[in-house]
*Asks:* 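Please find one structure pasted underneath; my questions will follow.
In the text below, chain A, chain B and the rest are named by the order of the sequence lines, each starting its count at 1. Predicted model, so just to flag it, every value in this text is computed and none were measured.
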Amino acid sequence: MVTIAVKGLSADLGGRAVLTNMSTVLRSGTLTGVIGPNGAGKSTFVRAILGLLPALEGSVTIDGRDIAGLSPRDIARAIAYLPQGHTLHWPLTVERVVSLGRLPHLGPMSRVGEHDLEAVRQAMIRADIVHLSGRTVTELSGGERARVMLARALAADARGIVADEPLASLDPGHQIDVMELLAREARQGAMVVTVLHDLTMAARYCDRLLLLDRGVLVAEGTPREVLSAERLRTVYGITGYMDMAGASPMVVPLGRYRDRQEQG
Amino acid sequence: MLENASPTRFARPRFGHTRRRALIPLLLAGVLVVALASMSLGPVSLPLPRILAAMSGNADTVARAILFELRLPRTLVGLLVGGMLGLAGAVLQGYLRNPLAEPSVLGASNSAALGAVAAIYFGVAEWHVAMLPLLSIGSGLVALVLLFLLAGRSESPLTLILAGIAVSTLAGAAISLALNLSPNPFAAMEIMAWLLGSIENRTMEHVWIALPCTLLGAALLLHDPRALDALAIGEDGARSLGVDLRGTRRRLLAGLAIGVGGAVAVSGSIGFVGLIVPHLVRPLTDRSPSAVLLPSLLGGAVLLSGADILVRLIPTSSELKLGVVTAFLGVPIFLVHLLRERRSW
């Protein structure tokens with residue numbers, strides 16, 4: 001079990017305020033989607049709750065302990081992070097990359113043990129990349145690479161997972177796979193937070209949504225509470241076809257909302 | 001998602017595994033071979049029985065003098081400097097995630113060379129044999145402080161490279177100034193000769209200067225190899241894996257300044273070893289930055305000592321300098337390697 005409490009969090013990037021006075025609580029067993037237009041502060045928010053970005057004001061606590069007082073290793077053991085972009089600088093094999101996820105558990109001189117290998121193996125099965133294990137990651141397709149990086153985060157066996165746009169460059173089938181995987185992790189007790197752009201995916205799989213706009217948390221709650229035609233217009237500046245009542249909620253963007261300025 | 005995952009197919013991928021396991025012992029054997037060759041080859045050839053006789057103490061004084069006063073220090077300095085340069089190159093390529101990185105990128109080589117040049121220019125080098133190396137190490141450390149001030153708190157490798165180029169260029173300009181203003185052609189010649197790099201006529205004093213510096217430097221550089229692996233997924237990725245990036249950077253830069261400073265202090269600036277050795281050993285490993293470190297250290301020692309043997313054996317009218325040989329040796333090896341490997345970049 002792990003709980004992240006965010007209180008009055010503000011953060012800036014290069015002197016520009018990106019996140020203003022944000023408060024929320026992220027709990028175990030919950031898949032939380034962070035949504036909002038580009039530049040809304042989604043990535044800044046997830047980086048700040050991991051201590052990757054210093055908070056300008058406010059506090060972030062993991063299980064009641066302020067992250068400012070936690071070592072990077074303590075945070076890494078509690079929460080795994082999947083950064084945006086799937087960067088990889090060396091042509092490493094899939095298995096080597098996934099094993100990087102075990103780093104928070106290894107001392108500088110200790111060897112990789114059976115337990116670590118088992119965690120790596122399980123992570124590769126969960127992300128469906130076992131058949132790729134000997135391949136070089138830089139030679140894989142974008143979708144395969146995304147799943148390798150996801151397996152890398154899963155291998156940490158952390159109680160929380162924070163994924164920044166895990167669906168980018170995935171085909172619809174693998175998007176569904178990744179969302180089901182994250183939902184399953186949450187059902188099994190993990191605290192899962194993911195930045196998403198696909199609102200249908202967000203509506204369908206997330207237990208809770210955080211809607212950010214220009215650094216401010218404008219709505220928080222179940223997908224049904226957060227997603228509305230009104231918010232699509234005011235936050236995203238679009239019109240869309242929405243069906244939130246059925247068992248499979250759907251949000252399909254239709255066009256730009258043209259009269260945003262005139263109607264205020 | 002689980003349907004087509006068959007756990008039985010998950011054999012540990014051990015392609016080329018035996019080759020990888022054999023790498024370190026092979027390189028160690030290589031070090032032993034070049035060390036022995038370096039002891040026995042030269043203008044006066046000493047066959048192995050004569051070396052053994054000299055070591056057991058019951059040999060001719062000539063053999064003993066050549067062995068212990070000339071070749072032993074030279075061999076040890078060659079191994080220390082080569083190992084240090086190879087390791088520093090491997091660490092920097094991993095840390096900066098740049099295959100072009102080598103010890104000179106961050107100004108470590110040039111600034112250490114500047115201290116030595118100043119020692120020659122102002123005549124301080126003549127006071128004592130240790131003065132030149134000590135000034136060299138000192139100026140390497142000053143450059144390190146400058147590098148920290150210039151790079152500031154930024155964690156991006158690019159900022160560090162740019163700051164390093166600034167420091168390196170400044171030191172290079174000061175070296176040129178010393179050549180420009182040198183009081184007589186002999187001083188200029190001496191500076192030039194030193195800049196070309198050589199480990200000829202080294203004494204045990206040089207070994208005692210290089211040894212602690214390279215040991216301390218190597219210890220700092222080898223402190224946490226896994227941090228370099230973590231950096232393969234970027235700075236945020238590495239930090240989210242629990243890596244203390246600031247501490248890593250402090251240790252690496254200090255190790256570089258002390259280790260490379262100590263190496264350059266006794267050998268002059270010797271290029272290419274730090275650049276090419278990691279590239280040569282990388283395909284023989286799993287290519288992760290941590291796996292390249294030790295092989296690069298050993299490979300650097302082999303390459304530099306091998307080049308030094310060539311320096312002694314190639315008959316030329318005026319003595320060949322080691323830095324020249326490593327460059328001529330390095331470029332073709334590097335090009336062949338590059339043509340074969342460029343697919344994977």
*Asks:* Measure distances from A/Leu88 to the heavy atoms of chain B and classify the residue's part below 4.5 Å as side chain, backbone, both or neither.
*Replies:* both

*Asks:* Within the 4.5 Å heavy-atom criterion, are B/Pro157 and B/Arg97 side-chain neighbours or not?
*Replies:*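 Result yes, sub-4.5 Å side-chain heavy-atom pair found.
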
*Asks:* B/Leu245 versus chain A, heavy atoms under 4.5 Å apart: side chain, backbone, both or neither?
*Replies:* neither

*Asks:* Any non-hydrogen side-chain atom of A/Val34 less than 4.5 Å from a side-chain atom of A/Leu196?
*Replies:* no

*Asks:* Counting C-beta onward and ignoring hydrogens, is there a side-chain heavy-atom pair between B/Phe148 and B/Arg250 closer than 4.5 Å?
*Replies:*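 The answer is yes; the side chains approach within 4.5 Å.
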
*Asks:* Is it the side chain or the backbone of B/Ser290 that comes within 4.5 Å of chain A heavy atoms, both, or neither?
*Replies:*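 Looking at B/Ser290, just its side chain touches chain A.
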
*Asks:* Quick one: what part of A/Arg152 sits under 4.5 Å from any heavy atom of chain B, side chain, backbone, both or neither?
*Replies:* side chain

*Asks:* Quick one: which of B/Ala227, B/Ser288, B/Gly234, B/Gly237 has the most heavy-atom pairs under 4.5 Å with chain A, could you say?
*Replies:*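 Ranked by contacts with chain A, first place is B/Ser288.
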
*Asks:* Can you say whether A/Arg47 sits under 4.5 Å from chain B via the side chain, the backbone, both, or neither, judging by heavy atoms?
*Replies:*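 Only the side chain of A/Arg47 comes within 4.5 Å of chain B.
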
*Asks:* Heavy-atom distances under 4.5 Å only: say whether A/Pro83 touches chain B with side chain, backbone, both or neither.
*Replies:*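 It is the side chain, since no backbone atom gets that close.
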
*Asks:* Salt bridge or not between A/Glu185 and A/Arg126? Use side-chain N to carboxylate O under 4.0 Å.
*Replies:* yes

*Asks:* Before giving the answer on salt bridge (Lys or Arg N to Asp or Glu O under 4.0 Å), spell out for A/Asp207 and A/Arg187 the whole-Å C-alpha distance, their side-chain angles and the decisive distance to 0.1 Å.
*Replies:* CA-CA 10 Å; A/Asp207 305 309; A/Arg187 272 201 306 277; over 6 Å; no

*Asks:* Side chain, backbone, both or neither: which part of A/Leu100 has a heavy atom under 4.5 Å from chain B?
*Replies:* both

*Asks:* Under the 3.5 angstrom rule, does the side chain of A/Asp66 hit a backbone N or O of A/Gly69 as a donor-acceptor pair?
*Replies:*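 Here the side-chain-to-backbone pair does not exist.
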
*Asks:* Is B/Asp244 salt-bridged to A/Arg73, cutoff N-O under 4.0 Å?
*Replies:*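 Looking at B/Asp244 and A/Arg73, the cut-off is not met.
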
*Asks:* Mind ranking B/Val243, B/Ile233, B/Asp236 by heavy-atom pairs under 4.5 Å with chain A and telling me who comes out on top?
*Replies:*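 That would be B/Asp236.
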
